[in-house]
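Written out below as structure tokens is the structure these notes cover.
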Amino acid sequence: ALFGSIVVAHLVISRKIRIIHARSVVPAVMSLAARFFGARVIFDTRGLLAEEYVGGGHWKEGGFKYKVVKFFERVCLKAADYIVVLTVRHRDYLLRVPWRWNKGINQRIEVVPCCVDLDRFAFRHNSRVEPQGLIFSYLGKIDKHYMFEEMLDFLKVAFEILPGSKFMIITQDDRRRIESAVLRKGLNPDRIILKKPAFCEIPPLISSSGAGLFFINPYKKFGSSPIKLGEFLSCGIPVIINGGVGDTEELVNFNRVGV
């Protein structure tokens, strides 16, 4: 971070940069020194970094790394000229915590959720076929942030209620890991569709399904804005989600676009 701060300061001076957009805590820390040379800093938080590592199973809450990141996060929040968060819940959280006394924080913060390309992710009428049963679809990585085992538990029940239904997984992840989890849960592999498409092939695949499905570990995820929600909805597909993740529950319930 020290070397990065020197580089940023050099760029600010040599190129007469006046505004720095710092995404997440580490770039924001590197940008703070530039304020002494007249640059203004926009701290784009991108959620809660320390909590993301805890939720992903990499750190322990209250551990040394966790405390260091939280300290610098507060420093950046106090020093930044403007703050961008992804959700209303994250904004409200920042207005409640102890550093809210910082002058004008409520006037320095803006909610800008993750966005989706509505032209690219649009419903493809010719992609929808008459299926034997409902096709659930999942899009993206499968790691500890995403509750894949719990999704399979849901599908085990759904498959019993909806004969002929299937689960399409659109991901670049290792299929052997997915197949192992499916067998471990006692699901019929024939009802699982694995796709590893090019980016341009994703919207038609989403459009061919009947419902998007994704569960996310809700551990302090009030700053999360999953772009897959927008991609499913942009393709005209309702979603099945869990609560406690950013503004997703409120958005889905208020707009009646899923459960």
Side-chain angles (χ1 to χ4, degrees), residues 1-117 140-141 143-145 216-217 219-230 245-248:
L2 177 59
F3 178 74
S5 298
I6 295 172
V7 172
V8 171
H10 170 72
L11 291 172
V12 166
I13 296 170
S14 62
R15 301 189 183 184
K16 296 181 173 57
I17 295 171
R18 291 293 172 261
I19 299 175
I20 299 174
H21 180 190
R23 288 168 57 95
S24 194
V25 175
V26 176
V29 171
M30 293 189 295
S31 302
L32 292 182
R35 298 182 78 248
F36 293 104
F37 303 100
R40 305 187 73 179
V41 175
I42 299 172
F43 179 23
D44 191 345
T45 63
R46 315 309 298 173
L48 297 166
L49 181 62
E51 283 79 1
E52 292 280 347
Y53 277 98
V54 173
H58 305 292
W59 294 355
K60 290 184 178 180
E61 184 173 4
F64 176 73
K65 293 179 180 179
Y66 178 91
K67 289 180 179 179
V68 169
V69 170
K70 295 304 292 183
F71 170 77
F72 281 108
E73 179 184 73
R74 295 189 182 197
V75 169
C76 293
L77 286 166
K78 292 178 182 179
D81 295 284
Y82 214 81
I83 302 163
V84 174
V85 296
L86 297 175
T87 68
V88 172
R89 289 184 68 203
H90 191 180
R91 180 199 63 192
D92 293 346
Y93 164 77
L94 292 179
L95 295 178
R96 288 195 306 269
V97 292
W99 58 73
R100 67 177 182 221
W101 54 261
N102 189 31
K103 184 179 179 181
I105 189 171
N106 61 329
Q107 298 174 347
R108 297 186 294 113
I109 192 167
E110 188 71 31
V111 178
V112 182
C114 290
C115 301
V116 61
D117 186 335
K141 286 180 172 293
D143 56 29
K144 291 185 178 180
H145 292 291
I216 299 176
N217 183 346
Y219 171 79
K220 293 188 178 180
K221 272 285 193 176
F222 41 77
S224 178
S225 176
I227 195 169
K228 56 172 57 60
L229 173 63
V245 180
D247 298 331
T248 56

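Computed from a prediction, not measured in an experiment: that's the story for all the values here. All heavy atoms count here, side chains included; hydrogens, waters and symmetry mates do not.
Under the 3.5 Å distance criterion, the side-chain polar atoms of Ser224 are left unmatched by any main-chain donor or acceptor of Lys221. In this structure, the side chain of Arg89 engages the main chain of Gly246 through a donor-acceptor pair within 3.5 Å. In terms of modelled atom types and a separation under 3.5 Å, the side chain of Asn217 and the main chain of Gly56 share no donor-acceptor contact. Judged by distance alone, with hydrogens and angles left aside, the side-chain atoms of Thr45 form a donor-acceptor pair with the main-chain N or O of Val84 at under 3.5 Å.
Annotation for Val116 and Gly230: closest pair CG1-O, 3.8 Å, computed over non-hydrogen atoms. In terms of heavy-atom proximity, Cys115 sits nearest to Ile227 at O-CD1, 2.9 Å. Looking at every heavy atom in both residues, Glu61 comes nearest to Tyr219 through OE1-OH, 2.7 Å. Considering all non-hydrogen atoms of both residues, Ser24 and Pro27 come closest at O-CD, 3.4 Å. A pairwise comparison of heavy atoms in Leu86 and Val112 identifies CD2-O, 3.3 Å as the closest pair. Residues Thr87 and Gly223 approach most closely at OG1-CA, 3.8 Å, considering heavy atoms.
Remark: of the listed residues Ile109, Asp247, Val85, Val85 is the sole one forming a side-chain contact (heavy atoms from CB on, under 4.5 Å) with His90. Under the side-chain contact (heavy atoms from CB on, under 4.5 Å) rule, Arg108 has a single partner from Leu77, Ile42, Ile83, which is Ile83.
Asp44 contributes atom CG, which lies 13.5 Å from atom CD1 of Ile20 (distance to the nearest 0.5 angstrom). Atom CZ of Phe43 sits about 6.0 Å away from atom CD of Glu73, to the nearest 0.5 Å. Once rounded to the nearest 0.5 Å, the distance linking OG of Ser31 with CZ of Arg40 reads 14.5 Å. Put simply, CD on Glu110 and CZ on Arg91 are 8.5 Å apart, with the number rounded to the nearest 0.5 Å.
Using a 4.5 Å cut-off on side-chain heavy atoms (C-beta onward), Val75 and Val29 make no contact. Counting heavy atoms from C-beta on, the side chains of Met30 and Val7 never come closer than 4.5 Å.
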(message) Is there a side chain to side chain contact (heavy atoms under 4.5 Å, CB included) between Lys70 and Lys67? Walk through the geometry before answering.
(response) CA-CA 5 Å; Lys70 295 304 292 183; Lys67 289 180 179 179; 5.7 Å; no
(request) Report the C-alpha separation of Ser225 and Arg46 in whole Å, then their side-chain angles, then the decisive distance to 0.1 Å, and conclude whether the side chain to side chain contact (heavy atoms under 4.5 Å, CB included) test is met. (result) CA-CA 9 Å; Ser225 176; Arg46 315 309 298 173; over 6 Å; no
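In this structure, Trp59 and Tyr53 have parallel ring planes: the angle between them is below the 30° cut-off, well short of the 60° mark.
By the salt bridge (Lys or Arg N to Asp or Glu O under 4.0 Å) test, Arg35 is found to be paired with Asp81, residues two or more places apart in sequence or in another chain being considered. Residues satisfying the ring-ring contact (aromatic ring centres under 6.0 Å, His included) test with Phe222, not counting sequence neighbours, are Tyr93.
More than 12 heavy atoms of other residues, nucleotides or ligands sit less than 6.0 Å from atom CD1 of Ile6. At most 12 heavy atoms of other shown residues, nucleotides or ligands fall within 6.0 angstrom of atom NE2 in His10.
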